[in-house]
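To find a chain, count down the sequence lines: A is the first, B the second, and so on, and within it residues start at 1.
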2 protein chains.
Amino acid sequence: MDLTALFQLSYGVYVVGTAADGRRNGCMANSLMQVTNQPPGLAVGLNKDSLTCELLGQAGRFSVSVLGERADPALIGTFGFCSGRDCDKFAEVNWEERDGLPILPQCCAYALCDVRQALDLGTHWLFYGEVTDCDHLTAGTPMTYAYYHRVIKGAPLPKG
Amino acid sequence: MDLTALFQLSYGVYVVGTAADGRRNGCMANSLMQVTNQPPGLAVGLNKDSLTCELLGQAGRFSVSVLGERADPALIGTFGFCSGRDCDKFAEVNWEERDGLPILPQCCAYALCDVRQALDLGTHWLFYGEVTDCDHLTAGTPMTYAYYHRVIKGAPLPKG
């Protein structure tokens, strides 16, 4: 078994945001996909250690911002490699509120989801959310996780 | 709400295979991702109407073959747009058996999974499987779903 074979799976690069009890936070994620069309629903995997995962569990809602290839590397640094326990990540970027959730207007698109079900996967929660709103934002090509590694030359994102 | 915004999410292109009761089948899927590292685990969404979904539920196991950009379009036709209820898809392609599951050696990589948990999402099942084996196959660039639409100019895959 060569686990590097799993590097051949493809992903996008996203900022998953949430807000609960007057706090907001977000983190980079690549483990995110649409599963259903009727109703439209997304699944996202998040590490239980992350503040985003903790807040999302409380809020029962999350936002997704789809990063483009021209995303500011500083944005990736803030959301991928800082902890919301140490800083207010959204204080460092241009963001907007949609229906109480934070999104990043410089991204390609956004979606808002209400959590309907969740699976406890030990180290991670897998949340399934119904899309309550989504729209295009700035034009551009969505960033793939392969592009992130090849061009941005970023470190591996913390899984979920 | 503009649901075409969800087209900006990124995916790979896979054949998910399974075998139960002496029958084998497989289908194209793009809603597949790694969620956990410890143990390595994949989540895949499949439409309940598909024979693959039905057999996978019986088998409790599945294989994933990661399609490359140079995948034979006939393979996509067979696995994406035929039903295993009408034909034996694997009779039409070069395949191999690994630990009782069918894989496609002309793909970039494969993984075998044992289902550990599942979510009933109405039209779809979302299966979470622990990876029991995986390895690289033929060298090549994994196909993204965007590449499939742009270059192969294929019709949308049936969701899951």
Side-chain angles (χ1 to χ4, degrees), chain A residues 1-14 30-47 64 66 68 107-112 116-126 128 131-137 140-147 159-160, chain B residues 1-14 30-47 64 66 68 107-112 116-126 128 131-137 140-147 159-160:
Chain A
M1 174 151 78
D2 180 352
L3 287 168
T4 67
L6 300 178
F7 297 168
Q8 303 213 46
L9 306 182
S10 298
Y11 308 88
V13 182
Y14 312 100
N30 61 294
S31 296
L32 185 145
M33 62 188 187
Q34 184 175 3
V35 186
T36 55
N37 280 327
Q38 295 168 323
L42 310 185
V44 61
L46 292 176
N47 193 303
V64 177
V66 180
C107 286
C108 298
Y110 76 91
L112 309 182
R116 297 297 188 208
Q117 296 193 62
L119 278 183
D120 183 346
L121 302 179
T123 56
H124 288 64
W125 280 103
L126 182 67
Y128 169 76
V131 177
T132 58
D133 186 22
C134 62
D135 212 339
H136 299 274
L137 293 165
T141 303
M143 185 187 293
T144 62
Y145 196 43
Y147 181 96
K159 280 304 294 178
Chain B
M1 175 151 79
D2 180 351
L3 287 169
T4 67
L6 300 180
F7 297 169
Q8 302 213 46
L9 306 183
S10 298
Y11 307 88
V13 182
Y14 311 100
N30 61 294
S31 295
L32 185 145
M33 63 188 186
Q34 183 175 5
V35 186
T36 55
N37 281 326
Q38 295 168 321
L42 309 185
V44 60
L46 292 176
N47 192 304
V64 177
V66 181
C107 285
C108 298
Y110 75 91
L112 308 182
R116 298 297 188 210
Q117 296 194 62
L119 278 183
D120 184 346
L121 302 179
T123 56
H124 288 65
W125 280 103
L126 182 66
Y128 168 76
V131 177
T132 58
D133 185 23
C134 62
D135 212 340
H136 299 275
L137 293 165
T141 303
M143 184 187 294
T144 63
Y145 197 44
Y147 181 96
K159 278 305 292 179

Is there a donor-acceptor pair under 3.5 Å between the side chain of A/Q117 and the backbone N or O of B/D120?
yes
Could you tell me whether a side-chain N or O of A/Y145 sits under 3.5 Å from a main-chain N or O of B/S10, the two making a donor and an acceptor?
no
Sorted by chain and number, sequence neighbours left out, side chain to side chain donor-acceptor pair (under 3.5 Å) with A/D135 holds for none
Holding to side chain to side chain donor-acceptor pair (under 3.5 Å), I want the full list of residues that pass it with A/Y147, two or more places apart in sequence or in another chain.
none
For chain B, find which of A/L119, A/L32, A/L112 contributes the most heavy-atom pairs closer than 4.5 angstrom.
A/L119
What residue in A/A43, A/G12, A/C134 has the most heavy-atom pairs under 4.5 Å with chain B?
A/C134
Please determine, among [options], the option with the most heavy-atom pairs under 4.5 Å with chain A.
options               : value
B/T123, B/V131, B/T4  : B/T4
B/V64, B/T141, B/L126 : B/L126
B/V66, B/L9, B/T144   : B/L9

In Å, rounded to the nearest 0.5 Å, how long is the span from [atom1] of [X] to [atom2] of [Y]?
X      : Y      : atom1 : atom2 : answer
B/H136 : A/F7   : NE2   : CZ    : 8.0 Å
B/N37  : A/L3   : CG    : CG    : 8.5 Å
B/M143 : A/Q8   : CE    : CD    : 13.0 Å
A/Y128 : B/L121 : OH    : CG    : 5.0 Å
A/M1   : B/T132 : CE    : OG1   : 7.5 Å

Less than 4.5 Å to any heavy atom of chain B: does that hold for the side chain of A/A146, its backbone, both, or neither?
neither
Residues A/M33 and B/Y11: closest non-hydrogen pair is CB-CE2, 3.6 Å
